[in-house]
Amino acid sequence: MFVVVLLGVLVLVVGGCVCVVWAERGGPRWVRVVATVTLAAGELLRLSERNRRRSVSRSGGDDG
């Protein structure tokens, strides 16, 4: 079951990346919408990772 979920996520990620490239080349409206959602989700993940790193460093966590 875990493999099926993982494959589903992989398909969504690859599809989002394809839509971003297609939208850059002037794809249809729905492709531009999917590309915008994909880029926004990536930005949210990037920001959450940055905030998580800050909270770990403030709490005195040691990575090494």
Exercise. Residues sharing Val31's hydrophobic cluster, by side-chain heavy-atom contacts under 4.5 Å among ILVMFWY, directly or via others?
Worked result: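 The other cluster members (ILVMFWY side chains, heavy atoms under 4.5 Å, direct or chained) are Trp22, Trp30, Val34.
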
Problem set entry | Qualifying salt bridge (charged side-chain N to carboxylate O under 4.0 Å, His left out) pairs, either residue in residues 1-26, two or more places apart |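 Listed once each, the pairs would be none.
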
Exercise. Can you tell if the side chain of Leu10 reaches within under 4.5 Å of the side chain of Val14, non-hydrogen atoms only?
Worked result: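 In contact.
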
Problem set entry | Residue pairs involving residues 31-47 (criterion side-chain hydrogen bond (donor to acceptor under 3.5 Å, both in side chains); sequence neighbours excluded) |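 Pairs touching residues 31-47 that pass the test: Glu43-Arg46.
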
Exercise. If every non-hydrogen atom of Ala35 is compared with every non-hydrogen atom of Cys19, which pair is closest and at what distance?
Worked result: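 Heavy-atom minimum between the residues: CB-O, 3.7 Å.
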
